[in-house]
Amino acid sequence: MDYLVKRLPPKAAGSPIYQLLEPGGAELMRAEQSAGAEPDQRRQLRLVRPNDRIAATMDLSQVTAEKKNGGNDADYAIIHDYAVYAIFGVRRRSVPDEQAGHTTYFTLEVEGGTWLILPHPESANCYAIYDEVPVGLHTYDTLTDVDLPEPFGSICRVSDDHTFEVDLSRYRLQHTSLIALALAFLIDFVPRNA
């Protein structure tokens, strides 16, 4: 395990806070939701360092729209140092006829690469992280038909209290902690099946 993400109870009437921890328990960063002033009221995820300095933000306005219109695909940009650092794509695919609903997976564009984050083929509570998105992904009947290399990382829900273990080398990216925390938040916030 490279990181641990814990969902903390909300303060007063607020939203839950997500805390990114080292394996030893030291806080590296936390994610807090905020809402803008009237009439705009945009929602934003703030990724904050332990010294309360904002490291990055992610606009959540599409999350609300997504829930209202039945789960369309959406993209969320992580803004770091006044520029787009990464873009998470939340995608839904129909599952075979014998099952009802959809399955959720993620794409990630970061530091010139594109990653694919799929439900883990062997563990119901995990997502596997791959460092390539196959050409023509949208043409496959099911995501299990996709020929993929071995995953290089994973993120797993390890308990019912919204705790995640993230296996993703800290040195893979310049800001791996931003990606790990934002991904845990999105997995928890966006329904896996709709």
Hey, can you pull the donor-acceptor pairs under 3.5 Å for the side chains in residues 79-91, sequence neighbours left out?
| unit_1 | atom_1 | unit_2 | atom_2 | d |
| --- | --- | --- | --- | --- |
| His80 | ND1 | Ala55 | O | 2.8 |
| His80 | NE2 | His175 | NE2 | 3.2 |
| Tyr85 | OH | Glu111 | OE2 | 2.5 |
| Tyr85 | OH | His175 | N | 3.3 |
| Arg91 | NH1 | Ala74 | O | 3.2 |
| Arg91 | NH1 | Asp75 | OD1 | 3.2 |
| Arg91 | NH2 | Asp75 | OD1 | 2.7 |

So [Y] and [X], do their side chains get closer than 4.5 Å, heavy atoms only?
X: Gln44; Y: Leu60; answer: no
X: Val166; Y: Asp2; answer: no
X: Leu168; Y: Ile155; answer: no
X: Ile179; Y: Ile78; answer: yes
X: Asp188; Y: Phe164; answer: yes

Hydrophobic cluster partners of Val48 (side-chain heavy atoms under 4.5 Å) |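 So far as hydrophobic clustering goes, Val48 is joined with Ile54.
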List in chain and number order the residues that pass salt bridge (charged side-chain N to carboxylate O under 4.0 Å, His left out) with Glu32, two or more places apart in sequence or in another chain; answer none if no residue qualifies.
->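 Glu32 satisfies salt bridge (charged side-chain N to carboxylate O under 4.0 Å, His left out) with Arg30, Arg46 once adjacent residues are dropped.
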List in chain and number order the residues that pass side-chain hydrogen bond (donor to acceptor under 3.5 Å, both in side chains) with [X], two or more places apart in sequence or in another chain; answer none if no residue qualifies.
X: Thr176; value: none
X: Gln174; value: none
X: Gln19; value: Glu27
X: Asn51; value: none

All ring pair (Phe, Tyr, Trp, His ring centres under 6.0 Å) counterparts of Tyr130, not counting sequence neighbours |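 Counting only residues at least two positions away or on another chain, Tyr130 forms no ring pair (Phe, Tyr, Trp, His ring centres under 6.0 Å).
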Could you give the distance from [atom1] ([X]) to [atom2] ([Y]), rounded to the nearest 0.5 Å?
X: Leu183; Y: Tyr76; atom1: CG; atom2: OH; result: 13.0 Å
X: Thr104; Y: Ile117; atom1: OG1; atom2: CD1; result: 12.5 Å
X: Ser177; Y: Arg49; atom1: OG; atom2: CZ; result: 6.5 Å

For Thr163, side chain to side chain contact (heavy atoms under 4.5 Å, CB included) partners two or more places apart =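 Per chain and number, Thr163 pairs via side chain to side chain contact (heavy atoms under 4.5 Å, CB included) with Leu4, Lys6, Val158, Ser159, Asp161.
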Would you please name every residue forming a side chain to side chain contact (heavy atoms under 4.5 Å, CB included) with Ala31, sequence neighbours left out?
->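 Counting only residues at least two positions away or on another chain, Ala31 forms a side chain to side chain contact (heavy atoms under 4.5 Å, CB included) with Tyr18, Leu45, Leu47, Leu181.
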According to the disulfide (SG to SG under 2.5 Å) rule, which pairs have a member within residues 157-188, sequence neighbours left out?
->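 Found none.
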What residue pairs, at least two apart or across chains, pass salt bridge (charged side-chain N to carboxylate O under 4.0 Å, His left out) with a residue in residues 167-180?
->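 Counting only pairs at least two positions apart or across chains, the salt bridge (charged side-chain N to carboxylate O under 4.0 Å, His left out) contacts touching residues 167-180 are Glu22-Arg170, Asp131-Arg172.
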Shortest non-hydrogen contact between Leu118 and Tyr105, atoms and distance =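 So the two residues come closest at CD2-CB, 3.7 Å.
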